[in-house]
4 protein chains.
Amino acid sequence: MSGPTPRSPVPRRPRRHDPGRRDRLIDAALTVIAERGVAGTTHREIARAADVPLGSMTYHFASLDEVLAEAFTRHADSVARVFDERLSAARDRDAAIEAVITLVSDDLLGARQDLVLSVELYVAAARNPALRTVTQAWMARSRQALERHFDATTARELDALIEGLVLHSALSTDPMTPEQIRHAICRHLR
Amino acid sequence: MSGPTPRSPVPRRPRRHDPGRRDRLIDAALTVIAERGVAGTTHREIARAADVPLGSMTYHFASLDEVLAEAFTRHADSVARVFDERLSAARDRDAAIEAVITLVSDDLLGARQDLVLSVELYVAAARNPALRTVTQAWMARSRQALERHFDATTARELDALIEGLVLHSALSTDPMTPEQIRHAICRHLR
Amino acid sequence: MSGPTPRSPVPRRPRRHDPGRRDRLIDAALTVIAERGVAGTTHREIARAADVPLGSMTYHFASLDEVLAEAFTRHADSVARVFDERLSAARDRDAAIEAVITLVSDDLLGARQDLVLSVELYVAAARNPALRTVTQAWMARSRQALERHFDATTARELDALIEGLVLHSALSTDPMTPEQIRHAICRHLR
Amino acid sequence: MSGPTPRSPVPRRPRRHDPGRRDRLIDAALTVIAERGVAGTTHREIARAADVPLGSMTYHFASLDEVLAEAFTRHADSVARVFDERLSAARDRDAAIEAVITLVSDDLLGARQDLVLSVELYVAAARNPALRTVTQAWMARSRQALERHFDATTARELDALIEGLVLHSALSTDPMTPEQIRHAICRHLR
DNA sequence: AATGAATGAGTATTCATTCAT
DNA sequence: TATGAATGAATACTCATTCAT
């Protein structure tokens, strides 16, 4: 009694031909990582999030590690792209400073999911060399973007300060206000 | 075939009386977290690290979460204590600045295990409210220590900068040198 | 010492494709419940009884409770079916009385396993609401079957009497003989 | 941090000398059995219910089975005593009939805990010979009490009917009313 | 006499991955 | 190409019982 499919409650899914599914799976993986952490990210959970049969996961990816690597690469790329765009749009040093402030206040602190994903990536990278490649490429790219407007030493320091401001605000019960962030950045660059 | 060798098959661990075991388990937990991450921290792994039978874990702790909470509390306490000590030893602002530099270069970046533990704690806290209590108490304590020598705004910014410098160096293939760290901190406080 | 004997160490069970396994598991569960009681009914025990790997249990059933519910439902259905059949075959009141006597003497008391299963179900239902549904549907069905031939009050009393006769005989060292059962039932309906 | 006693939350218990503890433990066991079933009855649970240290259980009883046996014996004795008393107080057959009705309506159906305990005992006895002794002594005693007023055959039938009425009412969503019980019993004895 | 600590076997359940269709 | 079924290792946790104090 009661059909033989044990877990998935009801939804018939007649989606045999589905190009772009691999892509959707990577996005689903990011959602799951953000919601439940890398530790809670399983084939099953991702498949459920993407509304796709379990077998499809191992059909499209050789292993869960492969999924994680692709997901984190996508995340880093998307954050880095915003970084690039903000800074390459700035015409002078002052505009660059404003860009950095916006970046921290709006882009980084504004997107809860991205924030969580970044910290998850840091920790995962600590033990997974494949992910270390991702974080390093990302850091290099951020610093490069900053170096369009600041000398190498300043760029590096600024990058660290940004990291600290974001992380602190993320963990704090009373995150810094945009004015406080502006103050911190301007003081360092003064 | 070949008798069952009935007595003392593995002659290890005749440790029925072992006061302080709970304590050792917490330390073992910290070692395991540092080595394999929170995700890889299991009852078994901790028991193995402490050379203690598995059942002992659940005798001493109601759940794995309790173990994590106690372990991270101990970690945060020990890091905060160093912070406190360095800063309360400083007689004036200049000495305080030197203290901060030493803190970052030596204490924080010097102890690989502590560094990893801190990042693990950040991520774990993102999903575990009990741990959030730990991080917040810790942050409050650091800031308080800094406020012995700096105004509240500066203390907060400095705390964030320290965080960023440590994290960046931790993740980077080429961590910042003590001189670079001194430069960053002095520039902000200049 | 002595090579690892790499191939087919225990040449059992090459049953990758096995339709109807879920079904067999439910039957195995009933066997185990009858033999060792609900308390002794574990995933492992059922898997062993069905000669199936442990993992298969949790693939087919979301929880042990689900297994129990399905197993008891099957049991109740099968007992109720016999009840139905006997009584719907009876053409008049006298035939119905004979049917009830046969039911108690042969069907209920005759099948040791069914008897034990019923008592197990009673107790389990006392603490598991899902099972209470099963017992109640079953009771309703029995009473309905009796009401084909007897008025509602009589049906209810008869149902209770049957229960008592069966339970008493089941627990007793000297169970009632068919004649004694006939006497009890006839006296009540006289 | 936090003392070495892991489970029991706070309550200091300086009760080194405590005669009658064994007795209280048996009562606690009955409470636990009624609340969580034999399957959920553990040393720990009983110790907690009696507010006694775990070690005390195995100090007073050689095994859990011993606890169960003593607890069920006490339960059966107390139910049988009521049975005895009601029936020995009856001066004639009519009074005996009234006694039986009161017994079922008030004593048996009125005490939820006793009812549950009885069914638990039945099932436990099915697999534990030591308990079978208890149930059989109990049944013999009930029947003997009935035989003060009824012939052997009637006593036996009545005993079964009582059992059925109680069990049915216990399991049913709409238990029989005292009038319905009176009707059933009187009809059988008419 | 009494008890906290200790332990190993057992429990349900999860899951990455393999396989047959 | 795609997937439901299958599996074995692992996980957190429970517990009767033993033991040292």
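Per chain, numbering begins at 1; letters A, B, ... match sequence-line order.
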Could you tell me the separation between the CG atom of L68(A) and the C1' atom of dC15(E), rounded to a whole number of Å? 14 Å

So, taking the atom named CZ in R44(A) and the one named CE in M57(A), what distance separates them when rounded to the nearest 0.5 Å? 11.5 Å

From the options dT13(E), dT17(F), dT17(E), select the nucleotide whose nearest atom is closest to the side chain of L64(A). dT17(E)

Under a 3.5 Å limit on both distances, the Watson-Crick or wobble mate of dT3(E) is dA20(F)

Does T42(C) reach a base, just sugar-phosphate, or nothing at all? Heavy atoms under 4.0 Å. sugar-phosphate

From CE of M57(C) over to C1' of dT14(E), roughly how many Å is that when rounded to an integer? 15 Å

Would you mind reading off the distance between E45(B) atom CD and dA9(F) atom C1', rounded to a whole angstrom? 14 Å

Could you state the atom-to-atom distance from CD of E66(C) to C1' of dT13(E) in whole Å? 13 Å

Nearest 0.5 Å please: distance from the CZ atom of R132(B) over to the CG atom of L121(B). 11.5 Å

Is there a side-chain contact between R21(A) and the phosphate of dT3(F), meaning an N or O under 4.0 Å from OP1 or OP2? yes

Is it the case that atom CZ in R36(D) sees more than 12 heavy atoms from other parts of the structure closer than 6.0 Å? no

Quickly work out the L54(A) CG to dC19(E) P distance and round it to whole Å. 16 Å

Is there a Watson-Crick or G-U wobble partner for dG10(E) with both distances under 3.5 Å, and if so, which one is it? dC13(F)

Using whole Å, what does the distance between atom C1' of nucleotide dA5(F) and atom CG of D23(C) come to? 16 Å

Under 4.0 Å from OP1 or OP2 of dC13(F): is there any side-chain N or O of H43(B) that close? yes

Of the candidates dA16(E), dT11(F), dT3(F), the side chain of R44(B) sits closest to dT11(F)

Out of curiosity, R22(D) CZ to S56(D) OG, how far, rounded to the nearest 0.5 Å? 11.0 Å

To the side chain of P53(C), which of dG8(F), dT18(F), dT18(E) is closest? dG8(F)

Winner on side-chain proximity to Y59(C), out of dA2(E), dA16(F), dT7(F), is dT7(F)

Toward the 5' end of DNA chain E, which comes first, G40(A) or G40(C), by nearest nucleotide? G40(C)

Rounded to whole Å, how long is the line connecting atom CZ of F61(A) with atom P of dA2(F)? 13 Å

Which nucleotide wins on minimum distance to the side chain of H60(D), given the candidates dC13(F), dA2(E), dT17(E)? dA2(E)

When you measure from the side-chain N and O atoms of S56(D) to the phosphate of dT3(E), is any distance below 4.0 Å, counting only OP1 and OP2? yes

Can you establish whether the number of heavy atoms outside R127(B) located under 6.0 Å from its atom CZ is more than 12? yes

In whole Å, what is the span from the CZ atom of R22(C) to the C1' atom of dA6(F)? 15 Å

